[in-house]
Amino acid sequence: MRILRLSLLVAVSAMAAAQVALPAQPVWQMQNSGTTAGLRGIDSVDGKVAWANGMGSTALRTTDRGAHWQKCAVPDAATDGATLEFRGVQAWDAETAILIAPKLNGGVSTDPCFGIDVPIRGGNESSGVFSVAIRDVMHLVAVSGDYKEANEKSGISARTAGDWRHWLASTTPPHGYRSTGQWSEPLKVWITAGTNGSDISRDDGRTWQLLDNGNWNALSLPFIVGPNGRIARLNPTALPQSRPEPRP
């Protein structure tokens with residue numbers, strides 16, 4: 001009996017050590033989008049004004065830091081405007097934004113990324129580079145993965161090594177498939193997100209630390225969006241200040 005109890009104690013301790021610790025406070029503060037549509041695009045003008053869009057011709061706008069999101073009329077709603085599936089948005093101010101929808105037929109890019117090899121996962125139609133975040137010409141971070149295997153962590157992030165032509169894989173990658181990433185100049189951090197959570201890096205993409213395990217599609221700091229009308233705003237005071245020391 002003593003041996004059995006000791007074995008159980010060791011097993012429980014090992015499981016606890018393997019768990020990934022999340023920040024003590026929620027990093028993302030959920031907001032009411034007023035829709036259940038899947039949101040795929042977000043562009044923050046200044047943290048106060050932002051536009052979001054997504055499935056079912058959904059277009060949203062806030063002018064008060066996300067306290068209220070207003071559904072906007074879509075051009076050509078009487079024809080094909082009401083059936084568009086928006087994938088991105090570029091905003092300039094509270095009155096001006098371009099909503100981006102994919103072409104239903106064709107639109108396949110054959111651009112080889114200037115022939116640059118990026119050490120990330122690829123090789124099939126569900127994997128490859130999904131986002132490149134830019135700090136400056138010397139500091140870029142690419143995130144990737146396979147959206148059909150969202151929890152696979154190998155080969156999903158890379159960073160430039162001196163200039164944009166040379167890349168190195170992250171030594172500690174994000175915790176799964178990531179579709180979006182961004183550098184925050186005010187906070188001096190990189191943040192990336194995908195369908196199983198978000199991560200932060202304070203060392204230019206060398207190592208990443210888990211922030212949450214939510215379901216996200218795109219971010220434009222301080223906002224982030226996901227399926228079923230999910231919109232949240234970053235709570236910078238909840239961000240971990242440094243990477244925790246490995247547990248013994």
Side-chain angles (χ1 to χ4, degrees), residues 19-44 50-60 62 65-66 69 71 84-89 99-102 120-121 124-133 141-157 170 172-182 184 189-201 205 208-236 238-240:
Q19 292 178 348
V20 178
L22 293 173
Q25 302 178 47
V27 170
W28 302 106
Q29 297 175 328
M30 298 302 300
Q31 298 181 330
N32 182 10
S33 68
T35 182
T36 58
L39 300 177
R40 303 293 297 273
I42 178 73
D43 192 19
S44 173
W51 294 70
N53 62 6
M55 303 296 99
S57 295
T58 300
L60 307 173
T62 183
R65 303 180 183 275
W69 288 90
K71 191 169 185 178
L84 296 175
E85 296 185 351
F86 295 122
R87 302 294 178 86
V89 56
L99 309 179
I100 303 168
I120 60 172
R121 192 174 186 186
N124 58 46
E125 71 282 357
S126 59
S127 64
V129 176
F130 284 88
S131 176
V132 177
V141 170
V143 292
S144 175
D146 189 330
Y147 61 77
K148 293 183 179 180
E149 299 179 18
N151 294 320
E152 176 58 51
K153 298 190 294 184
S154 62
I156 64 168
S157 177
S170 299
T172 302
H175 289 76
Y177 159 72
R178 295 292 179 258
S179 59
T180 182
Q182 187 178 349
S184 172
V189 299
W190 299 84
I191 293 180
T192 185
T195 54
N196 73 347
S198 59
D199 300 83
I200 185 174
S201 174
W208 295 88
Q209 181 178 353
L210 188 66
L211 292 179
D212 86 315
N213 53 13
N215 190 346
W216 308 111
N217 291 325
L219 64 82
S220 179
L221 295 172
F223 298 101
I224 191 167
V225 297
N228 302 313
R230 288 168 57 86
I231 291 183
R233 185 183 176 95
L234 181 68
N235 176 15
L239 292 176

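The analysis underlying the following values was restricted to heavy atoms, covering all of them including side chains, and did not include hydrogens, waters or symmetry mates. This structure is a prediction, so every number in the text was calculated from the model and none was measured. We count residues from 1, following the sequence as given.
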Let me see the working for L211 and D199 under side-chain contact (heavy atoms from CB on, under 4.5 Å), right down to the final yes or no. CA-CA 5 Å; L211 292 179; D199 300 83; 5.6 Å; no

Verify whether the ring centers belonging to W69 and F223 lie closer than 6.0 Å. yes

Report the residue from I42, N32, L60 that forms a side-chain contact (heavy atoms from CB on, under 4.5 Å) with I231. L60

Candidate pair R230 and W216, rule side-chain contact (heavy atoms from CB on, under 4.5 Å), full reasoning: CA-CA 8 Å; R230 288 168 57 86; W216 308 111; 3.1 Å; yes

With a 4.5 Å limit on heavy-atom distance, are the side chains of L239 and P23 in contact? no

Using modelled atom types and a 3.5 Å cut-off, is there a donor and acceptor pairing between side-chain atoms of Q182 and backbone atoms of L221? yes

Side chains of W28 and S198: is there a donor and an acceptor less than 3.5 Å apart? yes

Can N196 and H175 be counted as having a side-chain donor-acceptor contact under 3.5 angstrom? no

Looking at side-chain heavy atoms only, is the closest gap between I156 and P174 below 4.5 Å? yes

Residues R178 and G194: closest non-hydrogen pair is CD-N, 3.5 Å

Heavy-atom donor-acceptor pair, T36 side chain to G229 backbone, under 3.5 Å: no

Compare every heavy atom of S44 with every heavy atom of A50, then report the nearest pair and how far apart it is. CB-CA, 3.8 Å

Given 3.5 Å as the limit, does a donor-acceptor pair link the side chain of N217 with the main chain of L39, or not? yes

Considering all heavy atoms of both residues, which atom of W208 and which atom of S170 are nearest to each other, and what is their separation? NE1-OG, 3.5 Å

Is a side-chain N or O of R233 found less than 3.5 angstrom from the main chain of R65, in a donor-acceptor match? yes

Going through the checks in order, is the side-chain contact (heavy atoms from CB on, under 4.5 Å) test met by V27 and L234? CA-CA 6 Å; V27 170; L234 181 68; 3.4 Å; yes

